[in-house]
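What follows is a single structure, written as structure tokens, with notes after it.
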There are 2 protein chains.
Amino acid sequence: MRKLKEPATREPRSAATERRLLEAAGQVFAEKGFRAATIREISQRAGANIAAVNYHFGDKEKLYAATFRHAREACVAQFPLRDEGLNAGSTRDRLGRFVLGLFLRMLDIGRPAWQWQMMAREMIEPTAVLDEMVDEVIRPDFGELQKLVEEITGLAPADERVRRCACSVVGQAMFYRHSQPVVRRLNPSQGFERADLEELADHVTSFSHAALTAMAREGSAKRAGDRAPM
Amino acid sequence: MRKLKEPATREPRSAATERRLLEAAGQVFAEKGFRAATIREISQRAGANIAAVNYHFGDKEKLYAATFRHAREACVAQFPLRDEGLNAGSTRDRLGRFVLGLFLRMLDIGRPAWQWQMMAREMIEPTAVLDEMVDEVIRPDFGELQKLVEEITGLAPADERVRRCACSVVGQAMFYRHSQPVVRRLNPSQGFERADLEELADHVTSFSHAALTAMAREGSAKRAGDRAPM
DNA sequence: GACTATTTCAAACAACCGTTTTAAACTAAT
DNA sequence: ATTAGTTTAAAACGGTTGTTTGAAATAGTC
């Protein structure tokens, strides 16, 4: 049935078409969505035969899962949010780097543009690949942000306000991705080049930092008082 | 060809099926998306014939546009964000009412649940109905929020920070709608009942109000200085 | 009550989808 | 060169889609 020997030297033929297939599938899935995307168009863009998808990936769903995983790994590798070097500096600097990383992941023009479009589609019709992404990327990154919020506010880890503040930070950045068509219509002069993203990240950072430090003041007043952390 | 007289007394037969068709179409479009939704299922749920859609609305796209418009008008009528009575109280109270209104529009269980799912789809593949909604609903509501931000911060209307702050407020609330699958996975205990929405709105309000008042202090320091409002 | 316009119904149409099939082309080791 | 194994190619198969058709049923008017 299958080949038993695995030379593992290099994969010259089939691996190349698989890569072209993944690349084309990412673009088409992002543009059209899973249902509207056709294997015929994907194969055509990849310069492969119609049967190539079923031969290399089994069926359309498995191609979709493989494409999503491929995109996620490329994106995370390009813009890491948790790294040893990211723990240096003041809490304000660390927050700024986290927010800028979010913006670059989501909106940096160039290679991974269509990946977040697939992510947006998963928000509407979640499949198994979303669970995978939450477990392996989003939850750890979100935990890192929560720790940062705890440091700035002095709130206890179990305090629900920590999670809500982290949601507030992420939500501000996410808005420019998931509501981009509205943003572009409300403010056509808003650009999304690298410099624009740095400006937006700066705003979100100072906005959030101001809110967090204010919560630190009021939180410390309450912490000694009636509400006991769980 | 067509009827020339228009009695306009009442439309007993065809209007009823049109309404049932719109209702069913909203649910199916939200669940499956435009492409995956089938006229057969819509007609079946509405208790109408397969040809009814093409007879009453022309084709599938026109049914989609009509459905979106129908949903938008119902939602805006139920939760107005700009009203004479909403201008009373402190700026903090007005901000709180605006944010709570946003949450109720987006997440209040019951009737208009699927409408925002259609909105989310428009964010991915914008059509002409999005332009219509931006012009008639979003831009006026957003302008109201901008005026509120100007009052709290004391910034000039032309200052870009006003728009960015308004985006920060809206983005926090929008996060719980457009990233709801992620929120539910990150925090399964997060509820979306009326009481939960009020809690979330309270958090977003105080978070934003703190950031805005902080910006008011630093803004007034700068306003006397180098940067002149345009 | 007959006549006309409007609405509903069942059936069929052409087009497109994902998938399968079968054979040809290619690679690489004997 | 031959042979086995892997990859590509073209064509066809069911199945589903939006839309159209033409007749039956219903409403309103003289």
Side-chain angles (χ1 to χ4, degrees), chain A residues 1-29 31-68 121 125 127, chain B residues 1-29 31-68 121 125 127:
Chain A
M1 306 297 182
R2 297 302 171 102
K3 174 204 284 187
L4 293 177
K5 57 183 174 183
E6 8 185 300
T9 57
R10 68 184 199 281
E11 314 137 279
R13 277 290 163 277
S14 73
T17 61
E18 283 186 17
R19 191 164 27 81
R20 274 181 298 139
L21 239 28
L22 282 176
E23 197 96 8
Q27 298 177 14
V28 178
F29 277 137
E31 287 177 16
K32 310 288 182 66
F34 174 77
R35 192 82 168 236
T38 69
I39 288 194
R40 281 172 169 83
E41 181 175 359
I42 293 174
S43 306
Q44 191 174 349
R45 282 206 207 182
N49 190 265
I50 317 171
V53 167
N54 295 67
Y55 176 77
H56 288 282
F57 295 94
D59 60 6
K60 190 184 176 184
E61 276 194 47
K62 285 176 188 148
L63 172 66
Y64 179 80
T67 303
F68 197 89
R121 293 187 181 279
E125 292 171 282
T127 68
Chain B
M1 307 295 183
R2 296 301 172 105
K3 176 203 285 188
L4 293 178
K5 55 182 174 183
E6 6 184 301
T9 59
R10 69 188 200 281
E11 314 136 282
R13 276 289 164 276
S14 74
T17 61
E18 283 186 16
R19 192 163 27 81
R20 274 182 297 140
L21 239 28
L22 282 176
E23 196 98 7
Q27 299 177 13
V28 178
F29 276 137
E31 287 178 15
K32 309 288 182 66
F34 174 77
R35 193 82 169 231
T38 70
I39 288 194
R40 279 172 172 82
E41 181 175 1
I42 293 174
S43 306
Q44 191 174 349
R45 282 205 208 182
N49 191 265
I50 318 172
V53 167
N54 294 68
Y55 176 77
H56 287 281
F57 296 94
D59 59 5
K60 190 183 176 185
E61 276 195 46
K62 286 176 189 145
L63 172 66
Y64 179 79
T67 303
F68 196 89
R121 292 187 182 280
E125 293 171 281
T127 68

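Chain letters run A, B, ... following the sequence lines, proteins first and then strands; every chain starts at 1.
- Taking atom CD of residue B:Glu41 and atom P of nucleotide D:dT17, one finds them 9 Å apart after rounding to whole Å.
- The distance from atom CD1 of A:Ile50 to atom P of D:dA12 is 12 Å, rounded to the nearest whole Å.
- No salt bridge links B:Glu23 with B:Arg19; every basic N to acidic carboxylate O contact stays at or beyond 4.0 Å.
- Annotation: the span from A:Arg35 atom CZ to A:Arg121 atom CZ amounts to 13.0 Å, rounded to 0.5 Å.
- Separating the OH atom of A:Tyr55 from the C1' atom of D:dT6 is a distance of 5 Å, rounded to the nearest angstrom.
- One can place CZ of B:Arg40 at 6 Å from C1' of D:dT17, the figure rounded to the nearest angstrom.
- Here C:dT8 presents its C1' atom at 6 Å from CG of B:Asn49, a figure rounded to the nearest Å.
- The residue B:Ala36 sits apart from the nucleic acid: no heavy atom pair falls under 4.0 Å.
- Between B:Tyr64 atom OH and D:dT19 atom C1' the separation is 21 Å, expressed in whole Å.
- For D:dT7, neither phosphate oxygen OP1 nor OP2 lies less than 4.0 angstrom from any side-chain nitrogen or oxygen of A:Thr17.
- Formation of a donor-acceptor pair under 3.5 Å by the A:Asn49 side chain with backbone atoms of A:Ala52 is not found in this model.
- A residue-by-residue look at B:Gly47 and A:Phe34 shows that B:Gly47 has its nearest nucleotide of DNA chain C further toward the 5' end.
- Taking only side-chain atoms of A:Asp59, from C-beta outward, the nucleotide of D:dT19, C:dG18, C:dT19 with the closest atom is C:dT19.
- The CD atom of A:Gln44 sits 13 Å away from the P atom of C:dG18 (whole-angstrom rounding).
- The phosphate of C:dT6 (OP1 or OP2) has no side-chain N or O of B:His56 nearer than 4.0 angstrom.
- Taking a cutoff of 4.0 Å between a charged side-chain nitrogen and a carboxylate oxygen, A:Glu31 and A:Arg45 qualify as a salt bridge.
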Task: Candidate pair B:Thr127 and B:Phe34, rule side chain to side chain contact (heavy atoms under 4.5 Å, CB included), full reasoning - done: CA-CA 11 Å; B:Thr127 68; B:Phe34 174 77; over 6 Å; no
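- The separation between B:Asn54 atom CG and C:dA10 atom C1' is 15 Å, rounded to whole Å.
- B:Ala51 comes within 4.0 angstrom of a nucleotide base, judged by non-hydrogen atoms across all strands.
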